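Note sheet for the following structure.
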Amino acid sequence: MTCKLSLKQDAFVKAYLLNGGNATKAAISAGYSEKTAKVIGSENLSKPNIAKAIKAHQKMTDEAFIMSKLEKLKTLEKIIDESLRIDEEKGILNATAAIAAIKAHNEMQGDYEPTKVTTEVKVFQSLGARLTYGSKR
């Protein structure tokens, strides 16, 4: 980190990330008083060096996750290619492995996520109004 943090501030940053963004719990975990944890947590989040450190840690985590996902996808693609390679005598080398790798690849890409279906009913006129207007016509 290029941000200068005290040991407590560094502990706060790490606890903040581990506690899902709860500043009060992070302050307590970092060693601040429970009585002042809510105020200290809020103050810490407003300090530019702490905010910068939090963003830097989040960016590193995101990049590590993205890279590992890309590496997994590439590995699955290699398995698929190798499994589907055709041998002159045996035919497809390992169709079962290819199918499993394709399924895993699709799951990682979110291809099996359910599609969101919403049904909206728009009421332009209430039943009472329709009956009333209908009888006057």
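As the structure is a prediction and not an experimental result, all values here were calculated from the model.
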Give a yes or no on whether Ile28 and Tyr32 share a hydrophobic cluster (residues Ile, Leu, Val, Met, Phe, Trp, Tyr; joining criterion: side-chain heavy atoms under 4.5 Å apart). no

Nearest 0.5 angstrom please: Glu107 CD to Ile102 CD1, how far? 12.5 Å

Under 3.5 Å, is there a donor-acceptor pair between the side chain of Asn49 and the main chain of Lys4? yes

Atom NE2 of His57 and atom CE of Met60: how far apart are they, to the nearest 0.5 Å? 5.5 Å

Apply side chain to side chain contact (heavy atoms under 4.5 Å, CB included) to the pair Leu45 and Phe12, showing each step before the final yes or no. CA-CA 10 Å; Leu45 291 177; Phe12 172 83; 4.1 Å; yes

If only atom types and distance count, is the side chain of Asn19 paired as donor or acceptor with the main-chain N or O of Asn22 below 3.5 Å? no

Enclosure of Lys78 NZ (heavy-atom neighbours >12, cutoff 6.0 Å): no

Strictly distance-based, threshold 3.5 Å: is any side-chain N or O of Ser42 a donor or acceptor partner for the main-chain N or O of Lys38? no

Just verifying a value: how many Å separate Asn44 CG and Lys8 NZ, rounded to the nearest 0.5 Å? 10.0 Å

How long is the span from the NZ atom in Lys47 to the CD1 atom in Ile54, to the nearest 0.5 Å? 11.5 Å

Gap between atom NZ of Lys25 and atom CG of Leu18 - 0.5 Å precision: 12.0 Å

Within the side chain of Gln9, is there an N or O that forms a donor-acceptor pair under 3.5 Å with the backbone of Ser6? yes

